[in-house]
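Numbers restart at 1 for each chain; the letters A, B, ... are given by sequence-line order, proteins then strands.
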Protein chains: 2
Amino acid sequence: MHHLEHHGLAGLSLSPLAEAVGTSKRMLLYYFGSRENLLAQALAASRPDAEAMFGTVHDAAGLHSAARALWEAITVGRQRGLVRMLLQLLSLATTQPEPYGALAADAVEVMVGPIAAAYVRLGHAERDARVRATLLVSGLRGLCQDRLVTGDTDRIDAAAHRLIEDATSPAG
Amino acid sequence: MHHLEHHGLAGLSLSPLAEAVGTSKRMLLYYFGSRENLLAQALAASRPDAEAMFGTVHDAAGLHSAARALWEAITVGRQRGLVRMLLQLLSLATTQPEPYGALAADAVEVMVGPIAAAYVRLGHAERDARVRATLLVSGLRGLCQDRLVTGDTDRIDAAAHRLIEDATSPAG
DNA sequence: CCTTGACTGTACCGATCGGTACATCTATGG
DNA sequence: CCATAGATGTACCGATCGGTACAGTCAAGG
């Protein structure tokens with residue numbers, strides 16, 4: 001019962017979430033103690049998924065294909081819901097640093113860290129690798145949000161593929 | 001009294017907003033009729049600002065310098081608040097298409113349209129121009145959000161400048 | 001059998017939300 | 001002076017929020 005959070009977490013309120021997972025608001029608070037703790041544990045439970053999603057990157061060719069696979073996973077694939085959740089989290093963090101700021105910063109690190117490590121393995125200096133990873137990850141995130149808002153999949157998929165090409169070309 | 005909305009709109013609730021602009025919730029509803037209408041009019045009032053911000057783009061050299069000026073305006077400059085508002089709006093649109101979806105799509109067009117027009121002026125085909133503009137705008141938007149969340153200004157400014165270089169280089 | 005502890009439904013709490021009813025104040029125009 | 005219309009304060013509405021109090025069910029263990 002504990003790991004069904006990705007069903008909801010959209011409305012972020014307990015009653016609809018409880019109904020979605022087939023229990024009651026009362027039980028959620030009984031198990032998790034508070035809404036804040038529930039959110040933290042849901043994110044903690046999603047962390048392995050997110051790490052796996054960003055961790056399958058190894059070398060230059062791998063970075064390119066992994067980035068394309070990543071884009072597909074977050075737009076039409078299995079991780080669509082998770083990414084929506086992370087987008088919400090980042091937005092919440094900008095308006096309510098407490099308690100979301102730390103969780104959001106951690107989420108950013110989960111995304112940027114593995115990509116930066118891949119760039120380091122390609123011979124880039126640590127800081128340069130993090131800058132490149134930031135560009136790729138935040139760029140894809142912005143594009144993903146645009147895609148959710150406008151639904152203009154052709155335009156945005158093309159932009160995403162161009163970003164991936166730029167970010168993973170040997171010259172880049 | 002009508003154009004002070006950028007003060008607030010963060011909490012998005014009427015009472016704090018009313019207090020911030022020195023009036024009462026009662027008066028906001030009296031003038032605007034509903035919260036939804038207030039939001040629409042606030043965004044409509046901000047549209048010229050947003051259009052001006054993205055509209056000062058004319059040619060290749062201009063695109064490069066304008067993009068850098070744009071980045072400074074949305075991160076440390078005058079339009080910081082407006083951009084925060086737009087970021088919130090896009091996030092809201094992903095969870096509540098009614099009534100935010102249309103407003104958010106319009107906001108995206110305000111951002112992408114002028115940049116795409118600049119690319120068209122540079123000789124790119126219409127669709128290619130919109131793809132390039134999407135990459136630049138959504139990329140900067142994602143980076144801006146990362147900057148708000150993590151506060152890691154050095155890393156993200158470097159990534160933004162790299163994105164601008166890539167997007168406005170003659171080869172790009 | 002009885003007790004204990006984990007689980008759960010119901011009903012409630014105070015706060016806040018967007019929105020409204022009603023009375024009032026004020027200023028303008030006849 | 002008085003009528004009318006705009007502006008404003010106060011007090012309230014029903015809904016929802018996260019969270020809690022209390023009573024209960026039920027199975028395991030003495």
Sugar-phosphate, base or nothing in reach of A:L29, heavy atoms under 4.0 Å: base
Ionic contact status for A:D154 with B:R127, cut-off 4.0 Å: no
Protein-nucleotide distance (B:L17, atom CG; C:dG19, atom P), rounded to Å: 13 Å
Distance, rounded to the nearest Å, where B:F32 contributes CZ and C:dG18 contributes C1': 15 Å
Rounded to 10 degrees, the angle between the two terminal axes of the helix from C:dC1-D:dG30 to C:dG30-D:dC1, each from five pairs: 30°
A:R35 side-chain N/O to D:dG18 phosphate OP1/OP2 under 4.0 Å: yes
Residue-phosphate contact under 4.0 Å: A:S13 side-chain N/O, D:dC17 OP1/OP2: yes
A:D146/A:R155 salt bridge by N-O under 4.0 Å criterion: yes
N/O donor-acceptor pair under 3.5 Å between A:T95 side chain and A:L92 backbone: yes
For atom CD of B:E19 and atom C1' of D:dT8, their distance in whole Å: 17 Å
Separation of D:dA23 P from A:R26 CZ (nearest whole Å): 14 Å
First encountered from the 5' end of DNA chain C, between A:Y30 and A:K25: A:Y30
Ion pair A:R162/A:D166, N-O distance below 4.0 Å: no
Gap between atom OH of A:Y100 and atom CG of A:L103 - 0.5 Å precision: 8.5 Å
Pair B:E72 + B:R80: basic N to acidic O under 4.0 Å: no
Salt-bridge contact B:R78-B:D49 (side-chain N to carboxylate O under 4.0 Å): no
Gap between atoms CG and P, on A:L38 and D:dC17 respectively (whole Å): 14 Å
Whole-Å distance separating the CG atom of B:L28 from the P atom of C:dC17: 13 Å
A:Y31 side chain near C:dA6 phosphate (N/O to OP1/OP2, under 4.0 Å): no
Nearest-angstrom distance from the residue atom CE of A:M27 to C1' of D:dT25: 12 Å
B:L14 CG to C:dG19 P, straight-line distance once rounded to whole Å: 7 Å
